[in-house]
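Here is the structure we will look at.
Predicted model only: the values in this text are computed from it and were never measured. All residue numbers refer to positions in the sequence shown, counting from 1.
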Amino acid sequence: MSSTLPSFPFSESELIEQLKSQLAEPLFVAVSGRLQQLALAKLKIQVLEERLRLVRIAKYGAGSERLSDAQLELLELEPGVTNVEVQAESVREPLRPSATSRHRHPGRQEMPAHLPRVERILTCSPEQCVCQGCGKQTVVIGYEESAQLDVEPAKYFVQVTKREKRACRRCEDRGVVSAPLPPRIIEKCLASDQIVIDTVVRKYCDHSPLYRQSAILERDTGLEISRATLDGWVLRVGELLIPMVAVMRRELIGSSYIQADETPVDVQMQEGRGKNHQAYLWQYGRPGGTVLFDFRLGRGRDGPKQFLGHFEGILQSDGYAAYDQIGGPKIVHAACWAHARRYFCEAVQLNPKDAAATQIVARMDELFAIDAEARHQGFDHAGRHALRQEKARPLMNGIWKQIEAARSSSLPAGALSKACNYTLTLWEKLASFLEYPELELSNNLAENSMRPVAIGRKNWIHIGSPRAGPKVAAILSVVESCRRLKLSVRDYLAAVLPGLADFSIQRLAELTPAAWASSPSGCSCR
């Protein structure tokens, strides 16, 4: 570990200006040079202590800012935030309940209605079938029922397909005809379509790497299938889905609202350096609709510029500059309040007694509370827009004034100053939710779509090559779209993949996850 101190992200002149703001002008001039140096040194120490605390929080603290019960209630129904995530945000309860803590048990959870029921009847013993009073036979008057979730372990078997062959005994010159084979995902593959789909689902839904799946197959079946073979199956599925994703992209670009985010992913370059290249998966999606991943070797503006083309709707993202100056002339750039709030939460973590940062976070929570009220009332976009005009618009003026005041009195390059500068720089983009009813306050849905990628890359480590990147992105696009649309990934892939290579490109729009979700009988067009 290097022993050198990090360079200061501020100049001495900035500290002097900060010192002037804290002291009256005559008093500042009156103090001697030595006292000014001591004051400057004190400010430097304060910044270094803040940065050290920030490093410790990042290393040892919770993965996200802890919230109060009131704040948790505001985020409970925020789009993209699940109940599990809300619970994870809260402070952990003690292992042993104290005498003063009284928690009501939530009760026994109901079994999902869609799961099949298998009844098992337990009969009474012979002694119980005879009345102990009169000795006559007792009768069944009912049952005491209980339900448990059960599982039947996966059962591997060899599917033998026999194709009927027919010939005419009289007309031998007619030859022999055989029953046609049904379309398959991979022709002449050792494994069935279900095994291929299971491999894809286990890797990109359950985050199980291929080497682990290979070991499981050998353990359960005695058949040794190499990781390279499994990788070939996965890449073939990705190759088949690329034209489908191109159709999904056209549908997404034709919409009026897109949320965007990006995340790094390592790629093997096979250049002999022994070091992976850091590429990026850019994610674009519409709340409650299609999600697309775009693989790029870099994080430059060319990625979103090429993907979005001349998009002229609303583009919501964080403050990353690569999203600027892209799209058509009428594009509307919107920012994310969750990102802005996160910076102020960081300032509160560094200094819990910072009243200014705490009050700003509370005011931002009131914004989320307004949208939470709209969801609770079942408002559509028009109803939520009216509620925002009534309550959020006057609240925004107060937030602006509080942030301006906090910036003028905060330490340069400190966490609070950083939060203020970030928010005020993006203020017009943050305030755009007041003008566009469909715009969400936060980009949480886009971030949540990135979480499976973050979990997955901890298991499968990297993408094998740059050529594999677009194929992996295509699989992730379909998997995440199915998740948002509440579709079974297995059922969708089983219905779409066999014979997809021979399907007309002009009709691919009939097979997208969105088309499947809107069709009552699935892809009946086939």
Hey, is the main chain of L115 close enough, under 3.5 Å, to the side chain of R117 for a donor-acceptor pair? yes
Test side chain to side chain contact (heavy atoms under 4.5 Å, CB included) applied to I141 - qualifying residues, sequence neighbours left out: V139
With a 4.5 Å heavy-atom cut-off, do I225 and L230 have their side chains touching? yes
Looking at residues at least two apart in the chain, or sitting in another chain, which of them share a side chain to side chain donor-acceptor pair (under 3.5 Å) with S256? E438
Shortest non-hydrogen pair, N443 vs S317, comes out as ND2-CA, 3.7 Å
For a quick test of reading the model, state the closest non-hydrogen atom pair linking M111 to A147 and the distance between them. CE-O, 3.8 Å
Shortest non-hydrogen pair, F311 vs I331, comes out as O-CB, 3.6 Å
Taking the side chain as everything from C-beta on, heavy atoms only, tell me whether P183 gets closer than 4.5 Å to D502. no
Identify, with sequence neighbours excluded, every residue that meets ring pair (Phe, Tyr, Trp, His ring centres under 6.0 Å) alongside Y422. Y343
For the CZ atom of R286 and the CG atom of L445, what is their distance to the nearest 0.5 Å? 11.5 Å
Between S449 and E480, do the side chains contain a donor N or O and an acceptor N or O under 3.5 Å apart? yes
Give a yes or no answer on whether the side chain of Q316 reaches the backbone of A335 with a donor-acceptor pair at less than 3.5 Å. yes
Would you check if there is a donor-acceptor pair between the side chains of S192 and Q194 at a distance under 3.5 Å? no
Do the side chains of V200 and I475 get nearer than 4.5 Å, heavy atoms only? yes
Side chains of residues 233-252: which donor-acceptor pairs under 3.5 Å do they make with residues two or more places apart or in other chains?
unit_1, atom_1, unit_2, atom_2, d
R249, NE, F307, O, 3.0
R249, NH2, Q306, O, 3.4
R249, NH2, F307, O, 2.6

For a 4.5 angstrom cut-off between non-hydrogen side-chain atoms, does P264 reach R457? yes
Hey, what do you get for CZ (F368) to CD (E440), rounding to the nearest 0.5 Å? 10.0 Å
Just by distance, do the side chain of T199 and the backbone of I195 share a donor-acceptor pair under 3.5 Å? yes
Does a side chain donor of either N276 or H462 reach within less than 3.5 Å of an acceptor in the other side chain? yes
Let me confirm one number: the CD-CD distance from Q259 to Q283, rounded to the nearest 0.5 Å. 8.0 Å
R341 vs D365 side-chain heavy atoms within contact, under 4.5 Å: yes
Should the heavy atoms of other residues, nucleotides or ligands under 6.0 Å from CD1 of I505 be counted, would the total exceed 12? no
Could you tell me whether the side chain of R384 reaches within less than 4.5 Å of the side chain of D371, counting heavy atoms only? yes
Are H339 and L426 close enough that some pair of their side-chain heavy atoms sits under 4.5 Å apart? no
Can you see which heavy atom on V489 is nearest to which on C205, and at what distance? CG2-SG, 4.2 Å
Do NZ/NE/NH1/NH2 and the carboxylate oxygens of R301 and D324 come within less than 4.0 Å? no
OG1/T229 to CG/L190 distance, rounded to the nearest 0.5 angstrom? 8.5 Å
Are side-chain heavy atoms of L500 and L511 found at a separation under 4.5 Å? yes
CG (L497) and OH (Y492) are apart, to the nearest 0.5 Å, by 8.0 Å
Quick one: CG on L508 to CZ on F503, what's the gap to the nearest 0.5 Å? 6.5 Å
Within residues 160-175 or reaching into it, pairs that qualify as salt bridge (charged side-chain N to carboxylate O under 4.0 Å, His left out) - sequence neighbours excluded: E164-R166
Using a cut-off of 6.0 Å, state whether more than 12 heavy atoms not belonging to H381 lie near its atom NE2. yes
Test item: Q213 side-chain N/O and S208 main-chain N/O as donor-acceptor pair under 3.5 Å: yes
Show me, pair by pair, the donor-acceptor contacts under 3.5 angstrom made by side chains of residues 151-158, not counting sequence neighbours?
none

Sidechain-backbone polar pair: D193 side chain, R184 backbone, donor-acceptor under 3.5 Å: no
Within the side chain of S442, is there an N or O that forms a donor-acceptor pair under 3.5 Å with the backbone of W337? no
Aromatic plane relationship, W282 with Y284 - under 30° parallel, 30 to 60° tilted, over 60° perpendicular: parallel
Donor-acceptor contact present, side-chain W460 to main-chain L210, <3.5 Å: no
Show the nearest heavy-atom pair for residues G469 and I463, with the distance to one decimal. N-CG2, 3.9 Å
